[in-house]
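Data block below; observations after.
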Amino acid sequence: MKRLLVLGGGTAGTMIVNKLRHGLDAGEWEMTIVDQDDAHHYQPGYLFLPFGTYTADQVTRSRHAFLPDGVDFIVGEIDVIDAAAGSVSLTSGRSLPYDYLVIATGVTPRPAETPGMLGAEWRKSIFDFYSLDGAKALAKAMQDFNGGRFVVHITDMPIKCPVAPLEFTFLADDYFRRRGMRDRVEMVYVTPLSGAFTKPISSARLGTMLDERKVSVETDFLVEHIDPEAKMLVSYDEREIPFDLLVTVPLNMGADFIARSGLGDELNYVPVNKGTLQSTAYLNFFAVGDASDIPASKAGSVAHFSVEIFCDNFLQLVAGKPMTGAFDGHANCFIESGKGKGLLIDFNYDTEPMTGKYPVPILGPFSLLQETRANHLGKLAFRWMYWNVLLPGRPIPLPSHMSMAGKTNEN
Ligand SMILES: Cc1cc2nc3c(=O)[nH]c(=O)nc-3n(C[C@H](O)[C@H](O)[C@H](O)COP(=O)(O)OP(=O)(O)OC[C@H]3O[C@@H](n4cnc5c(N)ncnc54)[C@H](O)[C@@H]3O)c2cc1C
């Protein structure tokens, strides 16, 4: 028997075992997936918890329910990979040998990496929404907030779902308006980037949307520490930003076992070929989803499109053929903008978001780089799609590569 070991049963790992279980002969291949717990989180849903739109129950399901027969699911914490020996050790002491390895352990927020973030004000006036506990705690803080300086902050890039802090800001503006207290809230958006977003065209569009909502923007801000007593963000160039309520996105890093195994860069991202996702160090292993260092957004959509390419390539590889697929960095993200509307952006490694319709030219129903109700409904419908279509690995009639059909260049 040949052994395929998948580390991480999140978005990418779950899709991979669902797709490959159909493609690999069960008489020849043992497939195992490891995760530290049995709670699969629909992370895009974290955005809505602070506003009471979703509850924690709606974004959490058992991993077991999504794993196919013929795949061994092991609950355990990964300790270290011995790539030379071809085995992975769990902290329980169990050793799992493999012939092929997929690292799909994602990234996590690391508040401890910024001095002062985890200090006396953590979860009192300093919150995050990049974890389920954080989003739940923030929901209470939003209800209790009566006005003052409300600061949304990104520690450093890359982060997963780089538009999520902007969406959070737009939704917070809408939330304060609906509560009749917007005039008592001074909103500030603090980013290490030189504009609202990474890509120039969408950055200009999203920056205008922040202006329209009277959110002031502090750019090129690299936080050095947080002073919890003074309630102040302090940057390396000694700028100070006071807050009454801070919603921060802590540094995002890959899993620590990647560093312990000597397989990551300084943020524990695994270096891979950006087309095939094959490790640059070992030919029998791949990193898929947020865990890799590809220069694409860390997003569920990227995980989905790249898993399609990876699985086809993997079946070629184990059949002794050359891998012919090359991932193009395709990402698409709905951006909630408040008042029941949203935008959609679609882009890849080389092409910036453009205007037009998606996925069907002229018809849409989604509009690129424009605020529409259909985009908002698409974002809400995506939770159903995630649980029922994406995770089980069912085919979706969307091309993995970015298509130029329906795109216009009105920028
Ligand atoms: C607030 C927020 C909003 C988002 N919104 C969107 C959106 O609108 N659209 C979009 O496309 N994407 C969005 N994302 C991003 C999306 O959720 C991730 O990009 C996606 O889940 C990445 O999948 P992954 O499989 O690489 O990692 P994950 O789904 O995070 O899975 C990694 C798995 O590895 C496991 N693991 C890690 N370390 C260990 C260890 N040592 N031992 C055992 N198991 C381990 C974890 O338990 C986890 O289950 C959002 C994310 C957040 C936080």
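Counting starts at 1 for both ligands and their atoms, in listed order. Predicted model only: the values in this text are computed from it and were never measured. These values consider heavy atoms only, across backbone and side chains, with no hydrogens, waters or symmetry-generated copies.
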Below 3.5 Å, N or O to N or O, backbone or side chain included: is there any such pair between [X] and ligand 1?
{"X": "A12", "answer": "yes"}
{"X": "Y46", "answer": "no"}
{"X": "C161", "answer": "no"}
{"X": "E167", "answer": "no"}

* Please report which non-hydrogen protein atom sits nearest to atom 35 (C) of ligand 1, along with the residue it belongs to and the distance in Å to one decimal place. => D35 OD2, 3.2 Å

* To do: Please report which non-hydrogen protein atom sits nearest to atom 30 (O) of ligand 1, along with the residue it belongs to and the distance in Å to one decimal place.
  => Q43 NE2, 3.0 Å

Contact between [X] and ligand 1, counting heavy atoms under 4.0 Å?
{"X": "H41", "result": "no"}
{"X": "S297", "result": "no"}
{"X": "R63", "result": "yes"}
{"X": "A104", "result": "yes"}
{"X": "F257", "result": "yes"}

* Does a donor on one side chain sit under 3.5 Å from an acceptor on the other, for R110 and T108? -> yes

* No-hydrogen, no-angle side-chain donor-acceptor test under 3.5 Å, Y386 and H304 -> no

* **Qualifying residues under salt bridge (charged side-chain N to carboxylate O under 4.0 Å, His left out), relative to K379, sequence neighbours excluded** => E167

* Structure fact -> Honestly, for K379 the part within reach of ligand 1 (heavy atoms, under 4.0 Å) is side chain

* **side chain to side chain contact (heavy atoms under 4.5 Å, CB included) partners of T280, counting only residues at least two apart** => P271

* Cationic tip of R61 above W387 ring, under 6.0 Å, 45° of axis -> yes

